[in-house]
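In what follows, a structure is listed as structure tokens, so that the remarks can point back to it.
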Amino acid sequence: WSTVWVVLVSGLLISLLIFSLSSAQSHARLQAETMSSRLQSSQSALNRARAEFETMFSAMADVAVLFDKNGQVIRSNAALWNTFGLNPERFKGHPIEDLYAEARPERASRFRADYRRVDGSQFPGETHRSAVYSSTGEIIGYVEIIRDITETLAADAALQNALNMQRTFLAETSHELRTPLTGVLGYLRQALRASENSPAAKPPLEDAIRVGESMSRLVADLLQLSRGEMVQEHIPHFVDLSKLVEQVARDHKIRSRIEDPELETIGDPSRLNQMLANLIGNAIRVCGDPNMVWVRAYRASKSQVALEVVDCGPGIPDDLKARIFEKFYRGKEAGSAGLGLTISMQIAKAHGTAISVHDTPGGGATFRILLDALTDDDDV
């Protein structure tokens, strides 16, 4: 019986051992299959990412060159052939300096330089350089993106030439207009002196002289702007804004709204008149109808008076409200040299303020100028 028990116990232990080994082997096999599946998925994702990178890298219109810390090229894209005439495969191992026609900037991350093609010709390029890091954060190389800017520089030169021609045209036109305007004003002043005994003829002549002087100032402003100068002439006086607004509204045959008859400030009346005339003329041109434009004057606060030129036209998009004051900027409407609003803004700045643009309720644009109000202390 002892032998039987020994055999039985030994058989049970051996069976348990075999079962444990089989179970462990089965579990290990299952884990191996899971790891293999994950590895295959990771490999597929890696291959897909690599294929996407290869596609993007090869399809770049700009030249992309990857090189190590010693400046030896590791790889480059197909644009290397189109721009430099170099085979990307054969260029591996060459120094990156071979692309440059001059000393290569070492530390700049964004720069312009002259490059040399395989045929010896040169071209200007703009380069963006970035470091390539390992998984541990160590720099293992660099990549340079090189763009041929020959056409960009040519376009910039053409634009600058056009601007120079425009300035020349403005200067010559201003000079040509100044002489006849001076003569016309001289004749008008002579006629005004001769009309002392004719009260009916005096007001039209005074209006004509005022308009002629305004045109003369505009010609002078055009000449200054053609030289790149600011409108500088500014002669301050006590200004009755109510009368000023009524006068400019009458000249342009538009409505005026004076909400306070005692609106006074210190400024240049002729310049303020010119500023309002430019804004009104621009509004009428946009709307196409003087009845859709009016000028308004009111007291904005105890220390400020406000002038507004309001129209019911198409309005101005928010992204263009600042650009319309740029020199030579023209909107969709023809008939403007793009200087009226620029001159108006300069006149406003000469008075210590600015022109703001707002949406008119119901549609349109409102140009608002806030001026310092004349107080009792100023009168003293």
Side-chain angles (χ1 to χ4, degrees), residues 162-163 166-167 169-170 173-174 176-177 181 207-208 210-226 230-231 241 244-258 269-297 306-351 353-369:
L163 291 175
Q166 196 171 41
R167 294 190 186 98
F169 171 76
L170 284 174
T173 303
S174 301
E176 292 294 330
L177 290 174
L181 273 175
D207 289 340
R210 180 168 47 79
V211 173
E213 290 175 344
S214 178
M215 291 182 64
S216 181
R217 284 192 298 272
L218 177 59
V219 170
D221 292 342
L222 290 176
L223 185 59
Q224 280 187 303
L225 289 171
S226 68
M230 301 289 286
V231 177
L241 293 177
L244 179 69
V245 169
E246 289 177 351
Q247 177 180 298
V248 73
R250 183 175 63 253
D251 290 342
H252 290 82
K253 297 179 175 58
I254 65 171
R255 293 168 292 164
S256 63
R257 297 180 181 177
I258 312 298
S270 61
R271 287 297 185 183
L272 292 175
N273 187 303
Q274 181 184 7
M275 177 186 66
L276 289 176
N278 287 343
L279 295 176
I280 293 171
N282 181 74
I284 294 175
R285 184 174 60 254
V286 172
C287 296
D289 184 0
N291 294 322
M292 299 176 66
V293 181
W294 67 90
V295 60
R296 178 186 176 208
L307 301 177
E308 289 185 349
V309 175
V310 187
D311 69 67
C312 297
I316 302 174
D318 291 339
D319 58 331
L320 297 181
K321 287 179 179 177
R323 291 193 59 197
I324 59 176
F325 296 102
E326 295 177 2
K327 190 189 301 184
F328 304 121
Y329 177 81
R330 299 180 64 183
K332 297 181 180 179
E333 295 74 20
S336 169
L339 289 172
L341 293 180
T342 303
I343 294 174
S344 297
M345 179 61 84
Q346 292 183 3
I347 293 173
K349 290 182 178 179
H351 286 78
T353 184
I355 303 174
S356 58
V357 186
H358 308 271
D359 296 328
T360 302
T366 298
F367 292 80
R368 181 178 301 143
I369 307 99

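Residue numbers count from 1 along this sequence. FYI, side chains are in, hydrogens and waters are out, and symmetry mates aren't considered; it's all heavy atoms of this structure.
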Do side-chain atoms of Asp311 reach the backbone of Ala365 as a donor and acceptor pair under 3.5 angstrom? yes
Keeping Thr342 on the side-chain end and Phe325 on the backbone end, is there a donor-acceptor pair under 3.5 Å? yes
Supply the atom-to-atom distance [X] [atom1] to [Y] [atom2], rounded to the nearest 0.5 angstrom.
| X | Y | atom1 | atom2 | answer |
| --- | --- | --- | --- | --- |
| Thr360 | Met292 | OG1 | CE | 10.0 Å |
| Thr353 | Ile347 | OG1 | CD1 | 13.0 Å |
| Leu244 | Asn273 | CG | CG | 5.5 Å |

Under 3.5 Å, is there a donor-acceptor pair between the Ser356 and His358 side chains? yes
Identify, with sequence neighbours excluded, every residue that meets side chain to side chain donor-acceptor pair (under 3.5 Å) alongside [X].
| X | value |
| --- | --- |
| Ser256 | none |
| Lys321 | Asp318, Asp359 |
| Glu308 | Arg296, Tyr298, Arg368 |

Residues forming a side chain to side chain contact (heavy atoms under 4.5 Å, CB included) with [X], sequence neighbours excluded:
| X | value |
| --- | --- |
| Asn291 | Asp289 |
| Pro361 | none |
| Arg250 | Gln247 |

Do you know which two heavy atoms are closest between [X] and [Y], and how far apart they sit?
| X | Y | value |
| --- | --- | --- |
| Ile355 | Ala348 | CG1-CB, 3.8 Å |
| Ser344 | Asn278 | OG-CB, 3.1 Å |
| Val295 | Val309 | CG2-CG2, 4.3 Å |

Heavy-atom side-chain proximity of [X] to [Y] below 4.5 angstrom:
| X | Y | result |
| --- | --- | --- |
| His351 | Arg271 | yes |
| Val248 | His252 | yes |
| Leu241 | Leu307 | yes |
| Ile324 | Phe367 | yes |

Intermediate values then yes/no, side chain to side chain contact (heavy atoms under 4.5 Å, CB included), Val293 and Val310: CA-CA 6 Å; Val293 181; Val310 187; over 6 Å; no
Going through the checks in order, is the side chain to side chain contact (heavy atoms under 4.5 Å, CB included) test met by Ile369 and Leu279? CA-CA 11 Å; Ile369 307 99; Leu279 295 176; 3.7 Å; yes
